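First up is the structure itself, then whatever we jot down about it.
Whatever order the structure lists ligands and atoms in, that order sets their numbers, starting from 1. What you see is a predicted model; the values in this text were computed from it and never measured.
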Amino acid sequence: MKTEKGFSIADLKMNNRLVLAPMAAISDLPFRLLCRKQGASLCYTEMINAEAVARNNKSAFRLAESHPDDQPLGLQLFGARVESMEAAAKKLAGTEKFDFFDLNMGCPDGRVLRQGAGAALLRRETRACELVKAIKEAGKPVTVKVRLNPNVLNSIRVCKALEKAGVDCITVHGRTVKQKYSGPVDFVSIKRITKAVSIPVIANGNIRSRKDVKITLEKTGAAAVMIGRGAIGNPGIFADLQGHLAIKPINAMFNYLKLFEEFGMDKFGRKKTQVIRFLTKVKKQQVIELVQKAGTEEELEQALAELK
Ligand SMILES: Cc1cc2nc3c(=O)[nH]c(=O)nc-3n(C[C@H](O)[C@H](O)[C@H](O)COP(=O)(O)O)c2cc1C
């Protein structure tokens, strides 16, 4: 397995082939920094609502915040309206520090699909290409993250159209919308897409071990692999996948909390959810119950005190 070989997106060079997935309420700035320290060569923000950014919504801008150590970074947008997408991309390119945009074309959530966004764009090829072109107006490279269509020929056609519209890299989660997050990853379809386009493809789905990385890279011919759920509560997976000593989830949790404080993040609900995810990895059920009940910062501190 040659994860150390690296790969490129446009002019951007990554030093290995392990990428952290965009994950709502997970892939925030502190979490990305932890994953990078453990060896993720590229990270993405969680999906950010283009409509909210276009309306200057403060919370949406907060999701886009980064740091000089948080590079290279892809900023993921979701939306379906060309005008707001272009406005959002321009606003973010002018204020935030990141390397490229990513368009979400894989989210299977009903609220997103009903807007015609996320995975709904897999069936709206023309609109998807218009959105890509609108984002490109902001002057940065653009990538997309797709799921598979039930018919692989459709997937290939969409990916080729996206490439023609100017996309610099495609991440393929090798499942259909109907499959959501379970069932086998379709390596054959990812490989057919990889062969059909001339831009790099990142393969995504179910990577937890070095063997998974090796098999996914071999079977898909992808330039890199993207890791989602395997990293939740366990940023050390990136060290582990490269045969390096990994940080323990419990230590990662305390580092996460320190960074959360340092960056002045204030979403208590998010903090609690992340803490529970780290604790789930170390099977601290009693502490998890205390954390779940915590309604204030003090109660959360108390719940975690015995772990220090
Ligand atoms: C909690 C959670 C949040 C997610 N949020 C996003 C998101 O914001 N944008 C996106 O493109 N995909 C999102 N995904 C999908 C992941 O990026 C990834 O494609 C999927 O989990 C499959 O990879 P895995 O098997 O390694 O988890 C999310 C997945 C999870 C579990």
(message) Checking a contact table here: which protein heavy atom is nearest atom 18 (C) of ligand 1, and how many Å away?
(response) N204 OD1, 3.3 Å
(request) Give a yes-or-no answer on whether the side chains of Y44 and N104 include a donor-acceptor pair shorter than 3.5 Å. (result) no
(request) Check each atom of ligand 1 against the heavy atoms of R229 and keep those under 4.0 Å away; list them by number with element. (result) 21 (O), 24 (P), 25 (O), 26 (O), 27 (O), 31 (C)
(message) As an exercise, identify every atom of ligand 1 less than 4.0 angstrom from a heavy atom of A21.
(response) 17 (O)
(request) Would you mind running through ligand 1 and noting each atom that sits below 4.0 Å from a heavy atom of N206? (result) 24 (P), 25 (O), 26 (O)
(request) Return the residue, atom name and 0.1 Å-rounded distance of the protein heavy atom closest to atom 26 (O) of ligand 1. (result) G228 N, 2.9 Å
(request) Mark up the atoms of ligand 1 that fall under 4.0 Å of a heavy atom belonging to H173, in ascending order. (result) 19 (O), 20 (C), 22 (C)
(message) Check for me whether the distance between the ring centres of F31 and F260 falls short of 6.0 Å.
(response) no
(request) Check whether the side chains of N206 and R229 place a donor and an acceptor atom closer than 3.5 Å, and report yes or no. (result) yes
(message) Let me confirm one number: the CD1-CZ distance from I156 to R192, rounded to the nearest 0.5 Å.
(response) 4.5 Å
(message) Any heavy atom of G205 closer to ligand 1 than 4.0 angstrom?
(response) yes
(request) Among all protein heavy atoms, pick the one closest to atom 5 (N) of ligand 1 and tell me residue, atom and distance. (result) A24 N, 2.8 Å
(request) Provide, to 0.1 Å, the distance between atom 11 (O) of ligand 1 and the closest protein heavy atom, together with that atom's residue and name. (result) Q76 NE2, 2.8 Å
(request) Using a strict cut-off of less than 4.0 Å between a Lys/Arg side-chain nitrogen and an Asp/Glu carboxylate oxygen, indicate whether E306 and K284 qualify as a salt bridge. (result) no
(message) Looking only at protein heavy atoms, which one is nearest to atom 6 (C) of ligand 1, and what is the separation?
(response) P22 O, 3.1 Å
(request) Going by heavy-atom distance to atom 16 (C) of ligand 1, choose the closest among R147, E46, K145, M226. (result) K145
(request) Would you kindly specify which portion of F78 sits under 4.0 Å from ligand 1, judged on non-hydrogen atoms: side chain, backbone, both or neither? (result) neither
(message) In terms of relative ring orientation, are F278 and Y256 parallel, tilted or perpendicular, with 30° and 60° separating the classes?
(response) tilted
(message) Testing D168, D102, T171 one by one against T143 for a side-chain hydrogen bond (donor to acceptor under 3.5 Å, both in side chains), which residue passes?
(response) D102
(message) Do the side chains of R81 and E51 get close enough for a salt bridge, i.e. N-O under 4.0 angstrom?
(response) yes
